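The sequence lines fix the lettering, A, B, ..., with proteins before strands; numbering per chain opens at 1. All values below were derived from every heavy atom in this structure, side-chain atoms included, with hydrogens, water molecules and symmetry-related copies excluded. What you see is a predicted model, and the numbers here were worked out from it, not measured in a lab.
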Amino acid sequence: QVQLVQSGAEVKKPGASVKVSCKVSGYTLTEVSVHWLRQAPGKGLEWMGGYDPEDSEIIYAQKFQGRVTMTEDSSTDTAYMHLTSLKSEDTAVYYCARVRGDLPIPDFWGQGTLVTVSS
Amino acid sequence: DIQMTQSPSSLSASVGDRVTITCQASQDINNYLNWYQQKPGKAPKLLIYDASNLEAGVPSRFSGSGSGTYFTFTISSLQPEDIATYYCQQYDNRPSMTFGQGTRLDNK
């Protein structure tokens with residue numbers, strides 16, 4: 001069955017960077033990519049970026065452009081989200097989610113990775 | 001950016017009640033609207049896709065309707081396990097997506 005398993009919680013200082021991994025099983029990243037979203041404590045869901053099959057490239061939300069890089073290793077079916085120049089406002093649970101074919105409908109989600117940014 | 005306005009932000013209901021949540025888009029999004037359920041400490045779960053299609057394995061007491069800019073989500077008879085936060089999500093300007101601010105549903 002489809003599963004997405006993310007790396008464990010992280011604690012970072014302001015200005016540092018974090019890399020979260022997402023290993024998929026039950027399908028391959030060459031079939032369907034993942035998108036990344038986050039949720040600050042007590043807040044709603046925020047899309048960070050994902051693969052655009054029309055342009056064959058990863059598109060990032062404007063808010064994160066220049067600070068985020070999303071990559072995929074098809075040999076291990078693992079996706080990565082790298083966020084730099086961390087601020088306290090980046091404290092959140094970060095999710096990877098499989099989307100439904102070419103449509104950005106997140107249908108399977110990772111368990112989430114809590115990233116805490118604190119001095 | 002397309003803004004999604006979800007209401008109410010919180011709601012108290014009793015087991016057996018009919019519950020309705022609405023989501024309004026800032027522009028026409030056709031039927032590119034999904035509904036999710038999220039329980040504390042868990043990832044969201046897809047319930048309804050493309051405004052009115054029930055995801056496989058989801059109980060039939062959940063339903064959705066609407067198109068264009070106005071959408072509704074209904075639980076026909078609330079069950080104890082339905083206590084959660086619910087989100088709408090649009091994907092008209094794919095690949096990006098935006099979510100409503102959520103509706104917290106609790107026991108009356």
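- Taking every heavy atom of both residues into account, A/Ser7 and A/Lys19 meet most closely at OG-O, 4.5 Å.
- At a 4.5 Å heavy-atom cutoff, the contact between A/Gln39 and chain B is made by side-chain atoms alone.
- Taking every heavy atom of both residues into account, A/Trp36 and A/Val20 meet most closely at CH2-O, 3.6 Å.
- The OH atom of B/Tyr87 lies 9.5 Å from the CZ atom of B/Phe99; values are rounded to the nearest 0.5 Å.
- Only the side chain of A/Ile59 has a heavy atom closer than 4.5 Å to any heavy atom of chain B.
- Heavy atoms of A/Leu37 lying under 4.5 Å from chain B belong exclusively to its side chain.
- For B/Tyr32, no part sits under 4.5 Å from any heavy atom of chain A, backbone or side chain.
- Listed by sequence position, A/Tyr95, A/Arg100, A/Leu103, A/Pro104, A/Ile105, A/Pro106, A/Asp107, A/Trp109, A/Gly110 are the residues of residues 75-113 of chain A in contact with chain B, using a 4.5 angstrom heavy-atom cutoff.
- Side-chain contact check for A/Ser118 and A/Thr116: no donor-acceptor pair (N or O, by modelled atom type) lies under 3.5 Å.
- Here the side chain of B/Thr103 pairs a donor or acceptor atom with the backbone of B/Pro8 at under 3.5 angstrom.
- Interface remark: B/Pro44 contributes backbone and side-chain atoms alike to the contact with chain A (heavy atom separation under 4.5 Å).
- Remark: B/Asp1 engages B/Gln3 in a side-chain contact (heavy atoms from CB on, under 4.5 Å) (not counting sequence neighbours).
- Put simply, of B/Glu55, B/Lys42, B/Gln101, the one with the most heavy-atom pairs under 4.5 Å next to chain A is B/Glu55.
- Under the 4.5 Å side-chain contact rule for hydrophobic residues, B/Phe73 and B/Ile2 share a cluster.
- Within the 3.5 Å criterion, the main-chain N or O of A/Ser25 finds no donor-acceptor partner in the side chain of A/Gln3.
- Donor-acceptor pairing under 3.5 Å is recorded for the side chains of B/Thr98 and B/Gln90.
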